[in-house]
Amino acid sequence: FGAIRVRCLFTPCHTSGHMCYFMWEDGSPDAPALFSGDTLFVGGCGRFLEGTAEQMYTNFTHVLGALPKETKVFCGHECTVRNLKFALKVEPENEEVKKKLAWARVSSRALQGGGGCWVLEGFGHSGSSQQRDDEDLPTVPSTLQEEFLYNPFLRVTEEAVQKFTGRTEPVEVLRALRTEKDNFKKPKERPHPQAMLAFDWGLFAPFLEKK
């Protein structure tokens with residue numbers, strides 16, 4: 001890729017052959033980029049579908065965690081709001097989680113109208129919440145430095161995270177976190193007020209009538 005260099009990183013766990021890609025350009029003032037696929041998300045991580053907590057811990061501490069902290073993280077899915085809601089459950093007093101969640105909710109509404117999970121293809125973000133709203137920008141990328149402030153899966157040695165899981169050994173904390181996240185239920189979204197008015201006025205009746 002010319003001056004752009006690519007390092008392939010083997011990060012098994014979500015799948016047995018999962019790869020991440022670290023990219024940088026020699027002499028460029030821009031931060032390097034990590035395409036983290038289904039290993040690391042903004043505020044979360046991938047399910048352990050074909051691997052173990054031990055493997056994911058190694059991915060986070062020895063592989064991805066060894067990269068420059070200014071590295072921009074481009075994950076494979078837009079799950080930020082739901083991830084951060086879980087992070088807030090884990091660390092309800094973490095101000096970084098609160099700030100990131102408030103920021104992400106604006107971006108998420110602009111992008112998809114909720115807090116679900118959408119596939120992304122290399123989008124970025126910048127500017128104020130209103131700018132993101134106007135420009136329809138997602139919450140990706142973050143940086144590794146930011147992730148260590150609010151992503152519970154990268155904070156397994158923090159007292160609050162250990163208290164939440166009831167574990168102290170880092171791998172066991174990570175295993176317990178993933179189990180809790182797998183069972184985490186997204187809070188029900190309230191119906192849109194305009195949609196409720198439309199139902200009250202019978203505007204949807206023609207579409208609901210049985211033929």
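Nearest heavy-atom pair across Cys8 and Met19 is CB-CE, 3.6 Å. Nearest heavy-atom pair across Cys20 and Thr11 is SG-OG1, 3.3 Å. Minimum heavy-atom separation, Ala87 to Pro152: CB-CD, 3.6 Å. Closest approach of Pro32 to Glu70, counting heavy atoms only: CD-CG, 4.1 Å. Considering all non-hydrogen atoms of both residues, Glu50 and Ser16 come closest at OE1-N, 2.7 Å. Between Ala66 and His62, the closest heavy-atom pair is CB-O, 3.6 Å.
For residues 2-22, the ring pair (Phe, Tyr, Trp, His ring centres under 6.0 Å) pairs, not counting sequence neighbours, are Phe22-Trp24. Applying the salt bridge (Lys or Arg N to Asp or Glu O under 4.0 Å) test to every pair with at least one member in residues 21-47, sequence neighbours left out, gives these pairs: Arg5-Asp26, Arg47-Asp182. Within the structure, side chain to side chain donor-acceptor pair (under 3.5 Å) pairs that include any residue of residues 160-177 comprise Glu54-Arg175, Glu172-Arg175 (at least two apart or interchain).
The SG atom of Cys13 sits 9.0 Å away from atom CZ of Arg178, with the distance rounded to the nearest 0.5 Å. In this structure, CG in Leu64 is found 11.0 Å from OG1 in Thr58, a value given to the nearest 0.5 Å. Atom CG of Leu84 sits about 15.0 Å away from atom NZ of Lys89, to the nearest 0.5 Å. To the nearest 0.5 Å, the span separating OG1 on Thr143 from CG on Leu34 amounts to 11.0 Å. From Asn83, atom CG reaches atom NE2 of His77 across 11.0 Å, with rounding to the nearest 0.5 Å. From Cys79, atom SG reaches atom NZ of Lys181 across 7.0 Å, with rounding to the nearest 0.5 Å.
The hydrophobic cluster containing Phe41 does not contain Phe74, counting ILVMFWY residues as joined when their side-chain heavy atoms lie under 4.5 angstrom apart, directly or transitively. Under the 4.5 Å side-chain heavy-atom criterion for grouping Ile, Leu, Val, Met, Phe, Trp and Tyr, Val156 is connected to Phe60 within one hydrophobic cluster.
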Margin query: Quick one, Val97 with Val90, criterion side-chain contact (heavy atoms from CB on, under 4.5 Å). Give me CA distance, side-chain angles, the key distance, then yes/no.
Written below: CA-CA 10 Å; Val97 174; Val90 176; over 6 Å; no
Margin query: Assess the residue pair Arg155 and Asn94 against the criterion (side-chain contact (heavy atoms from CB on, under 4.5 Å)); give the C-alpha distance rounded to whole Å, side-chain angles, the decisive distance to 0.1 Å, and a yes or no.
Written below: CA-CA 12 Å; Arg155 296 172 55 79; Asn94 187 325; 3.5 Å; yes
Item checked: Test log, rule side-chain contact (heavy atoms from CB on, under 4.5 Å), inputs Leu154 and Leu40 -> CA-CA 9 Å; Leu154 298 183; Leu40 178 65; 4.1 Å; yes
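With sequence neighbours excluded, the residues that form a ring-ring contact (aromatic ring centres under 6.0 Å, His included) with Phe86 are Phe184. Residues passing the ring-ring contact (aromatic ring centres under 6.0 Å, His included) test with Tyr150, sequence neighbours excluded: none. Applying the side-chain contact (heavy atoms from CB on, under 4.5 Å) rule to Lys99 yields the partners Glu96; only residues at least two apart in sequence or on another chain are considered.
A heavy-atom distance below 4.5 Å is found between the side chains of Leu9 and Leu67. Side chains of Thr52 and Tyr57 form no contact here, defined as non-hydrogen atoms less than 4.5 Å apart. By the 4.5 Å heavy-atom criterion applied to side chains, Val73 and Leu144 are counted as neighbours. Counting heavy atoms from C-beta on, the side chains of Leu174 and Phe153 come closer than 4.5 Å. Looking at heavy atoms from C-beta onward, Thr39 lies in side-chain contact with Met56 at the 4.5 angstrom threshold. Contact of the Val42 side chain with the Glu146 side chain is not registered, since no non-hydrogen atoms from C-beta on lie closer than 4.5 Å. Using a 4.5 Å heavy-atom threshold, the side chains of Thr139 and Trp103 count as touching. Taking the side chain as every heavy atom from C-beta outward, Lys85 and Arg105 approach each other to under 4.5 Å.
By the 6.0 Å contact criterion, NZ on Lys98 is enclosed, its count of non-hydrogen atoms from other residues, nucleotides or ligands being greater than 12.
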